[in-house]
Structure formats: structure tokens, C-alpha cells
**Student:** 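Take a look at the following structure, please.
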Amino acid sequence: PATTTPATVVTTWSKVSGPGEVSFGNAATSDTTATFPANGDYLLRLTAGDGTLETTKDLAVHVGVTPLQMLNEDVAAPRAGSGSLSDGVATVSGAGGDIYGSSDRFHFYYAEVSGDFDFSARLAGKTISATSAHTALMARASLAANSIHASVSQEGSGSTYLMQRASTGGSTTINIGSAITNTPPTWMRLTRSGNSIRGYISEDGVTWTEKGPITPALPATVLLGFAVSNASPSATAALNVATFDNISGLRSGNVGALVA
């Protein structure tokens, strides 16, 4: 009988993100060493393929800086939500009627960040797709319900846009620069340079559509993180559970990958 020669599996290490070029002892073997030129957060990727099939595994590496401390807060929400980080994936569950008007109701999983930032993540999934059920990257002045904020948010069945409350207690402006209709996985990015905030939306993390700039009156140190609501004022309604991966930029002046 004819015999089939097994396909040769080729493995390759590469750097996805981080503050410098990574030197691999042997990038073509799964068991290797890596040298990092600068402190920060790195995301490495091992790719294995036989010419027909291919798979990848990402490895988050934290070099020489204090681990990021993420905090949870229910902002005027009717029931408690939660946020956690494991292997570079943030899982955030939240209640609350909306992020809109002059005050908000949602769960916030965040860190304090000062100065300019470039915060991005992929919304991998969510459990509620109702209008006013937000899954967002948010920069916020405070934990008050009427706080100034700027966010890139997806709500409903997949309307993704830049939004803001430019002043404390002011109204909320949504669809800044028009919304983009897409569904998870959706890449989101929120940046600050000086006083200018920009939002970006992408389907692949490579080609981005820019929204803004806007200039909400945010302080030098902001609360930066993930905002999730479930579009319900009820204390018994199911939480909206969102997962975010490919996270980077949740540290002042650092655009490396987030690890835990």
C-alpha cells in the first residue's frame, strides 16, 4: 500500500508588540531563549504550520517594571459586575442602563494612567447585544456617574463609535465622525496626545478608521480601562460579559502588551 509522508511542521517565534526588538536564541524552535532590549510589556507569538494548516499561541512577557494594578468599580450600576485579567485576556461583566445623557451606569475595570496614552484592544466577544449595552475602551476623569469621559464603544448588534462627555454633568455626544457597523471581533483604540483624543476602529488590527479629534476636559491623570453595561436598570438582569484580548497601552508612556 502507498505510504504518506508526514508533513513537516515549521515553528517560528515573532514579536507582536513591545517597546524594542526582541532577539531570539533560535526563532525556529519552540524551546528557545529571548533577550529584551528595554523594560516594558511584550507580546510574543509562536506560529506552527505544515504548509496547509497553521496555529498560533501568544505569550505575554513582563520585563523590569511594576505589574499593572487594575481596579473594579460599579458606576451607579444596579448590581455588581467584575473584571479580571488572565494570560493577557480581560473578562469584564457589567450591569447598568446606559453610558449616555448626563450620567452613566456601568461597570468599570481600570487603571490610573498619566499623560499621553495609546490604548488598544480587540473586543473578542460579548453576551448582550441590546442597544445601550456598551462594551468600551474608556478614559474617564473620575468614578462619578456624571464624569467627563472619552470612549470608543460598541453597542447593540455592532454599532462602534467614538463618544464623549466633554464637561462634568454635560450631555453625551455619540457617533462622532459617524459609527461603523461591525460585530466582534472588533479592534478598538483610544489615544491621547496633549489635549487631543482620537478613536480608531478596525476589523483586523492593521487597517484603522480614525475618529476625532475631540478635546474633552480630561485631567492629566485619567482612569483608563474597560466599560461594560447591560442596557437594564434591573438588579436581577443578566450581566453583559465581554472579553478583550490583544490589549496594549494601559500604562503611562508604554504601548507594550498587557500581562497578568
Side-chain angles (χ1 to χ4, degrees), residues 9-49 53-71 83-92 109-126 135-139 152 154 160 184-193 198-208 224-226 228 242-260:
V9 176
V10 177
T11 58
T12 306
W13 282 100
S14 60
K15 187 198 81 169
V16 178
S17 62
E21 292 302 317
V22 178
S23 177
F24 295 98
N26 185 348
T29 63
S30 58
D31 186 5
T32 189
T33 59
T35 302
F36 301 91
N39 291 342
D41 297 328
Y42 295 80
L43 189 65
L44 309 182
R45 176 167 295 164
L46 177 63
T47 303
L53 300 175
E54 183 176 279
T55 186
T56 62
K57 177 65 176 179
D58 289 349
L59 174 67
V61 180
H62 190 70
V63 179
V65 291
T66 303
L68 182 71
Q69 297 298 312
M70 299 289 291
L71 301 171
S84 63
L85 180 67
S86 179
D87 293 329
V89 177
T91 302
V92 186
Y109 185 49
Y110 70 95
E112 289 191 0
V113 171
S114 298
D116 293 347
F117 56 78
D118 187 342
F119 174 33
S120 63
R122 187 184 74 151
L123 172 62
K126 59 183 181 178
T135 48
L137 307 188
M138 175 182 284
V152 175
Q154 183 177 108
T160 310
T186 301
W187 293 74
M188 303 175 179
R189 182 179 170 200
L190 189 66
T191 71
R192 175 164 72 176
S193 178
R198 287 175 168 84
Y200 301 83
I201 303 161
S202 173
E203 293 189 351
D204 58 10
V206 176
T207 302
W208 296 87
L224 187 65
F226 306 96
V228 176
T243 53
F244 299 86
D245 58 19
N246 291 275
I247 303 162
S248 84
L250 262 180
R251 183 174 286 111
S252 304
N254 179 22
V255 295
L258 178 61
V259 297

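Count residues from 1 along the sequence. Being a predicted model, the structure only gives us computed values, none of them experimental. Heavy atoms only: backbone and side chains are in, while hydrogens, waters and symmetry mates are out.
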**Student:** If I take atom CG from residue L137 and atom CZ from residue R189, how far apart are they, to the nearest 0.5 angstrom?
**Tutor:** 11.5 Å

**Student:** Once you round to the nearest 0.5 Å, how far does CG of L46 lie from OG1 of T56?
**Tutor:**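 The distance works out to 8.5 Å.
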
**Student:** Which heavy atom in G88 sits nearest to a heavy atom in I247, and how many Å separate them?
**Tutor:** O-CD1, 3.6 Å

**Student:** For L190 and M138, which heavy atoms make the closest approach, and how far apart are they?
**Tutor:** CD2-C, 4.0 Å

**Student:** Identify the heavy atoms of A242 and L123 that sit nearest to each other, and give their distance.
**Tutor:**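 Closest approach of A242 to L123, heavy atoms only: CB-CD1, 4.1 Å.
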
**Student:** Residues two or more places apart in sequence or in another chain: which of them pass side chain to side chain donor-acceptor pair (under 3.5 Å) with R198?
**Tutor:** E210

**Student:** Quick one: side-chain contact (heavy atoms from CB on, under 4.5 Å) partners of S84, sequence neighbours excluded?
**Tutor:**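 With sequence neighbours excluded, S84 shows a side-chain contact (heavy atoms from CB on, under 4.5 Å) to T91, given in chain and number order.
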
**Student:** Could you list the residues that satisfy side chain to side chain donor-acceptor pair (under 3.5 Å) with D31, not counting sequence neighbours?
**Tutor:** none

**Student:** Restricting to side chain to side chain donor-acceptor pair (under 3.5 Å), what partner residues turn up for S120, sequence neighbours left out?
**Tutor:** S248

**Student:** Any idea which heavy atoms bring T11 and A48 closest together, and the distance?
**Tutor:**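 Taking T11 first and A48 second, the nearest heavy atoms are CG2-CB, 3.9 Å.
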
**Student:** Walk me through it: do F24 and L44 pass the test side-chain contact (heavy atoms from CB on, under 4.5 Å)?
**Tutor:** CA-CA 10 Å; F24 295 98; L44 309 182; 4.1 Å; yes

**Student:** Tell me whether T32 contacts the main-chain N or O of N26 through its side chain, where contact means a donor paired with an acceptor under 3.5 Å.
**Tutor:**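 Side chain of T32 to backbone of N26: a pair is present.
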
**Student:** Could you work out, with salt bridge (Lys or Arg N to Asp or Glu O under 4.0 Å) as the rule, every residue matching R122, not counting sequence neighbours?
**Tutor:** D245

**Student:** Quick one: closest heavy-atom pair of P184 and A124, and the distance?
**Tutor:**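 Heavy atoms of P184 and A124 come nearest at CB-O, 3.7 Å.
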
**Student:** Using the test side chain to side chain donor-acceptor pair (under 3.5 Å), find all partners of D58 that sit at least two apart in sequence or belong to another chain.
**Tutor:** R45

**Student:** Would you give the length of the straight line joining atom OG1 of T186 to atom CD1 of I201, rounded to the nearest 0.5 angstrom?
**Tutor:** 8.5 Å

**Student:** Supply the atom-to-atom distance Y109 OH to L85 CG, rounded to the nearest 0.5 angstrom.
**Tutor:** 5.0 Å

**Student:** Is it the case that the side chain of W13 and the backbone of S30 share a donor-acceptor pair, with hydrogens and angles ignored and the cut-off at 3.5 Å?
**Tutor:**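 At least one qualifying donor-acceptor pair exists.
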
**Student:** How many angstroms lie between atom CE of M70 and atom CZ of F226, to the nearest 0.5 angstrom?
**Tutor:**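 That separation rounds to 5.5 Å.
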
**Student:** Which atom names give the shortest non-hydrogen contact between P37 and Y42, and what distance separates them?
**Tutor:** CD-OH, 3.7 Å

**Student:** Report the distance from atom CG of D204 to atom CH2 of W187, rounding to the nearest 0.5 Å.
**Tutor:** 8.5 Å

